Structures are given as structure tokens and as C-alpha cells.
Amino acid sequence: MPVKNRFAELQDEITAWRRDLHENPEILFETHRTSAVVAERLKEFGCDEIVTGIGRTGVVGVIKGKTDTSGKVIGLRADMDALPIHEQTGLEYKSKIDGAMHACGHDGHTAMLLGAAKYLSETRNFDGTVVVIFQPAEEGGGGGREMCEDGMMDRWGIQEVYGMHNWPGRPVGSFAIRPGAFFAATDQFDITFEGKGGHAAKPQETVDTTVMASQAVLALQTIASRNADPIDQVVVSVTSFETSSKAFNVIPQRVHLKGTVRTMSTEMRDLAETRIKSICSGIAGTFGGSVEVKYFRGYPVMVNHEDQTEFAAEVAKAVSGGCDEAPLVMGGEDFAFMLEERPGAYILVGNGDSASVHHPEYNFNDEAIPAGCSWWAEIVERRMPAA
Ligand SMILES: [Zn+2]
Ligand SMILES: [Zn+2]
């Protein structure tokens with residue numbers, strides 16, 4: 001079975017919604033216009049319940065099937081937020097807001113889930129309940145976590161959740177997925193070495209923080225090369241090195257390092273945190289300085305559940321004739337919080353040969369709409385077949 005005919009018919013309308021969202025990008029939790037547009041559309045479609053303000057600016061819509069003998073409730077989630085990037089696509093519907101851009105395709109995700117909501121509200125050809133979830137702040141703000149903390153899963157009795165992301169470089173409308181750990185945990189660290197500043201020509205009178213911090217930058221790489229099992233994954237990247245002096249003849253009193261850690265398991269995450277702290281305090285001790293290490297845990301590892309992943313892949317095969325095994329992704333994904341609360345699966349849909357996500361020339365490919373929408377609709381109709 002290829003894509004559903006109804007979505008081929010609706011493609012122009014869904015494309016227009018997508019381009020309107022593209023022109024009006026909003027960052028993090030500031031998705032006020034987007035949330036209002038989503039809520040308005042859900043109302044037009046005749047959703048049974050629409051609630052705004054879940055996870056600050058998140059929107060939840062409920063669509064009941066023709067019958068509900070199964071008692072099943074499935075959550076379908078899309079993200080709505082844009083990025084603080086200056087768009088350079090030159091599109092006629094390019095961002096009207098300077099310094100904000102839909103560079104991750106969340107405009108497409110929102111439009112596709114709206115398309116599915118329209119179809120499901122029209123047809124209701126299933127036995128159970130669908131909860132459509134539109135979240136803000138996927139790009140680092142934890143909007144998904146906040147929706148969970150607001151009690152969304154229990155309030156609507158959601159039993160399974162599904163998510164989707166477009167993927168540049170994959171043939172448009174094709175799918176890829178993997179069970180188990182899929183997207184990385186994303187943590188940050190903030191390290192301050194304190195020494196004794198002084199004249200650069202009299203190093204013997206100083207405790208040189210630049211030397212200490214430089215040792216640390218190199219030593220932190222041994223977490224991946226010497227501490228981690230080579231078949232596990234860990235990335236430790238120092239991304240900022242700032243001394244407290246800009247002068248060429250001063251040994252700075254302080255050096256500040258920042259960076260990120262990406263891991264694919266809780267064990268590796270714990271190991272990285274412990275080793276960063278002990279490596280830095282060891283180096284500070286060796287050179288006679290002191291150090292403060294702050295470690296911030298961001299999104300957890302996003303883990304696809306076996307059973308739902310198998311089902312999601314079957315649906316993808318039905319829609320587009322195949323489903324590939326996706327590689328591990330060292331980026332993070334806020335949907336991880338929803339998958340910690342309920343079983344579910346997250347799938348990639350091809351965006352064709354486009355610029356990569358987060359690039360100023362990226363654009364969501366509207367040709368992916370029929371496949372993406374069909375996948376959502378089939379998830380519902382196959383998981384909760386009409387009685
Ligand atoms: Zn992104
Ligand atoms: Zn994204």
C-alpha cells in the first residue's frame with residue numbers, strides 16, 4: 001500500500017500551512033503564534049478536546065475513533081520550535097523574523113501532524129483514542145519534559161507515543177528506524193581553573209591556569225580513548241576556552257572551559273561525569289591550583305522500545321515499500337522524556353538531498369508530506385483497527 005490518496009489531495013493545503021509556519025518561526029517556548037494556529041486548526045477539524053498551555057506553550061488535541069471498545073490511547077507528537085539562525089535560503093516564503101529560522105524542519109513536522117489530525121477527525125476509522133501532541137522548545141529547552149511534568153501522559157491516559165523527524169540525505173519519503181538507544185544523551189560541563197596570575201616573564205611566581213586547562217583539554221579525550229569500552233559511544237568536546245586576561249604579557253588568574261558530552265547509555269554518562277571531575281581535580285592538584293567542575297545533565301538517551309519499533313517499521317514498509325535500519329545519532333532529542341514515560345518509537349523520514357538540519361540553507365521538503373502523514377494515520381488505523 002503506498003501513501004493514502006487523501007494526503008495526495010491534501011498536500012497543497014498542508015504545504016500552505018507549512019510555508020506559513022516557515023515564514024513565522026518562533027524559538028523555544030515562545031511559540032505563541034504557532035500554538036494559536038495549531039489550536040485554531042484543530043478546532044476547525046472538529047477535535048473532541050483541545051487544551052493549550054501544557055508545558056507552557058504546548059498544545060494537546062484529542063480525537064476519538066468511531067468506537068472505543070479497545071480502550072487504547074495513542075499519542076502522536078510533533079515539535080513546533082525554530083532556531084536562532086539567520087535564514088539564507090532566498091525562498092519566497094523565507095523567515096520574516098530576523099535571526100529566527102525553521103532550520104530543523106519542525107514547520108514540516110507540525111504541518112504533517114496537523115494533516116494527520118485533519119484526516120483522522122474526518123474519518124475516525126479506528127477503535128480507540130488519538131492524542132496529538134504539539135510541543136515547544138525541542139531545541140534545548142526541554143518542552144517535551146515540561147509537557148510530561150505537567151502530567152500529560154496520565155491526564156489523557158496515553159499508553160504509547162510515536163514521534164518523527166525529517167532526515168536530509170535520505171530519499172524523500174523513505175523511512176529509517178532502530179530499536180534501543182537511538183539519539184544520544186546531551187550533557188554540558190563548565191570548568192573553572194583557578195591559579196595565581198602574574199607577569200608572563202616570571203612564571204615561577206605564578207600558578208599558570210592556561211597550562212592546567214590545556215592539559216585538561218587533552219586529558220579529557222582519554223575518556224573516549226582509554227576509559228570507555230571501544231564498542232560503546234562517547235563524545236567529549238571542549239568548545240570554549242576563555243582566559244581571564246586578553247593581554248600577551250599576563251598569566252591569567254582564571255581559565256574557563258565549556259563543552260558537551262554525548263553518550264548512548266546511562267553507564268557511559270555516569271562514567272564521563274565522574275572522569276571529567278577526577279581528571280580536572282587531578283590536574284589542578286598536580287599544578288598547585290584549584291578547579292570547580294559543574295556538570296549539567298540535559299536530554300537523556302532516547303531509547304526506542306522493541307515492540308513499538310517493530311510495529312512502526314511495519315507501518316513504514318506499508319507506506320513507502322521499505323524501512324532501513326537507521327544509524328546511531330550523537331545529537332539529542334527531547335522526545336526521550338516521553339519515551340521514558342511510555343513505550344513508543346521515533347522514526348526518520350527522508351528529506352531528500354537538502355542542506356543538513358541547523359544549516360542556514362536548509363528547507364523542509366514538502367514532497368515528504370504524503371508519506372509522513374500516511375505513516376501517522378496508518379499507525380493509528382493499524383494499532384487500533386476499527387471494530
Ligand atoms: Zn534541531
Ligand atoms: Zn529537530
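Numbering of ligands and ligand atoms starts at 1, following listing order. No experiment lies behind these values; they were computed from the predicted model shown. One-based numbering along the sequence shown.
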Charged N-O contact under 4.0 Å between [X] and [Y]:
{"X": "Asp334", "Y": "Arg77", "value": "no"}
{"X": "Glu314", "Y": "Arg382", "value": "no"}
{"X": "Lys72", "Y": "Glu160", "value": "no"}
{"X": "Asp366", "Y": "Arg19", "value": "yes"}

### Near the Zn ion (ligand 2) (cut-off under 2.8 Å), count of protein N, O or S atoms
3

### Query
Taking just the N, O or S atoms of His358, which one is nearest to the Zn ion (ligand 1)?
NE2

### Task
Flag yes if Met101 and Phe29 sit in one hydrophobic cluster, no otherwise; membership is Ile, Leu, Val, Met, Phe, Trp, Tyr, and two members link when side-chain heavy atoms are under 4.5 Å apart.
no

### Message
To the closest 0.5 Å, what do you measure between CD (Glu292) and CD (Glu194)?
### Response
9.5 Å

